[in-house]
Amino acid sequence: MKKDLISYLILPKGVQSIIFKSYVYFVPFLYSLILGLNRPRDFLLFLLIFGLFEFVINPSRYQLNDLTDYKSDQQRQHHWRRPVNKDNKLLVLTVALSRFTLGTSIAFFLDIRLGYLAIAFLVLQLFYDHFTKKRSPLLSIFTVSIVYPLRSLTIFYGLEIPLN
């Protein structure tokens, strides 16, 4: 169980989730290559922003969501079988909040707009997790459809690509 908890604390949804959602980052990155911007610098920034959002900020959202859902997941034998329970929920909360604080701090340091995007991203995700998916399918679709373009915008703003 400890190994499962440690793996969960590092990557709550696993690498598959990150790979599946990574396509939204490549469109702005390829656009920056076409514009011929500072390629070595942009590649490093791309890796930093991708890592920041997918390995630090986004996992905090999954962990916060799992904290509220773990009892119902256990009752219905949910297929994810997250190792979150009443004994370690304080640890999971601490890791999630630390991740988000660290991630948004770095995002603000890189670019103020990137920091605001990080906050908007988490707010929309939490709105989806805790309100829309339980109450309104239409609003759920709308909320999720906003989050994916936000991921692309993180690269545009991080790489300082003009959006005109």
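All residue numbers refer to positions in the sequence shown, counting from 1.
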(message) For a quick test of reading the model, state the closest non-hydrogen atom pair linking P83 to D4 and the distance between them.
(response) CG-O, 3.7 Å
(message) How long is the straight-line distance from CG of L110 back to OG of S105, given to the nearest 0.5 Å?
(response) 11.0 Å
(request) Apply side-chain contact (heavy atoms from CB on, under 4.5 Å) to the pair F100 and I119, showing each step before the final yes or no. (result) CA-CA 9 Å; F100 180 71; I119 290 172; 4.1 Å; yes
(request) Answer with yes or no whether the side chains of Y8 and D66 bring together a donor and an acceptor at under 3.5 Å. (result) yes
(message) Nearest 0.5 Å, please: how far is CD1 in I106 from CG in L114?
(response) 10.5 Å
(request) Hey, could you give me the NZ/OG1 distance between K133 and T143, rounded to the nearest 0.5 Å? (result) 12.0 Å
(request) Report the distance from atom NE2 of H130 to atom OG1 of T68, rounding to the nearest 0.5 Å. (result) 4.0 Å
(message) Do D129 and K134 make a side-chain contact, defined as non-hydrogen atoms from C-beta onward lying under 4.5 Å apart?
(response) no
(request) Compare all side-chain heavy atoms of V147 with those of Q125 and state whether any distance is below 4.5 angstrom. (result) yes
(request) Treating Ile, Leu, Val, Met, Phe, Trp and Tyr as nodes and any side-chain heavy-atom pair under 4.5 angstrom as an edge, say whether I141 and I146 lie in one connected cluster. (result) no
(message) Could you check whether any side-chain N or O of S98 sits under 3.5 Å from a backbone N or O of T94, counting only pairs where one atom can act as donor and the other as acceptor?
(response) yes
(message) Please say yes or no: joined through hydrophobic side-chain contacts below 4.5 Å, possibly via intermediate residues, are L64 and F131 part of one cluster?
(response) yes
(request) May I have the step-by-step check of side-chain contact (heavy atoms from CB on, under 4.5 Å) for F55 and I10, ending in yes or no? (result) CA-CA 8 Å; F55 290 95; I10 294 169; over 6 Å; no
(request) Go through the steps for Q63 and L9 under the test side-chain contact (heavy atoms from CB on, under 4.5 Å), then give the verdict. (result) CA-CA 8 Å; Q63 289 168 330; L9 291 174; 4.0 Å; yes
(request) Measure the spacing between OG of S60 and CZ of F53 and express it to the nearest 0.5 Å. (result) 10.5 Å
(message) So, taking the atom named CZ in F142 and the one named CZ in F127, what distance separates them when rounded to the nearest 0.5 Å?
(response) 9.5 Å
(message) Starting from L11, can I reach Y62 by hopping between I/L/V/M/F/W/Y residues whose side chains sit under 4.5 Å apart?
(response) no
(request) Establish whether L67 and I6 are linked, either directly or via other cluster members, by ILVMFWY side-chain heavy-atom contacts under 4.5 Å. (result) yes
(request) Please assess L117 against D111 for the test side-chain contact (heavy atoms from CB on, under 4.5 Å), listing each intermediate value before the final yes or no. (result) CA-CA 10 Å; L117 279 172; D111 184 296; over 6 Å; no
(message) Is the shortest side-chain heavy-atom distance between L91 and L5 below 4.5 Å?
(response) yes
(request) Identify the two heavy atoms, one from I57 and one from A118, that lie closest to each other, and give their separation to 0.1 Å. (result) CD1-CB, 3.7 Å
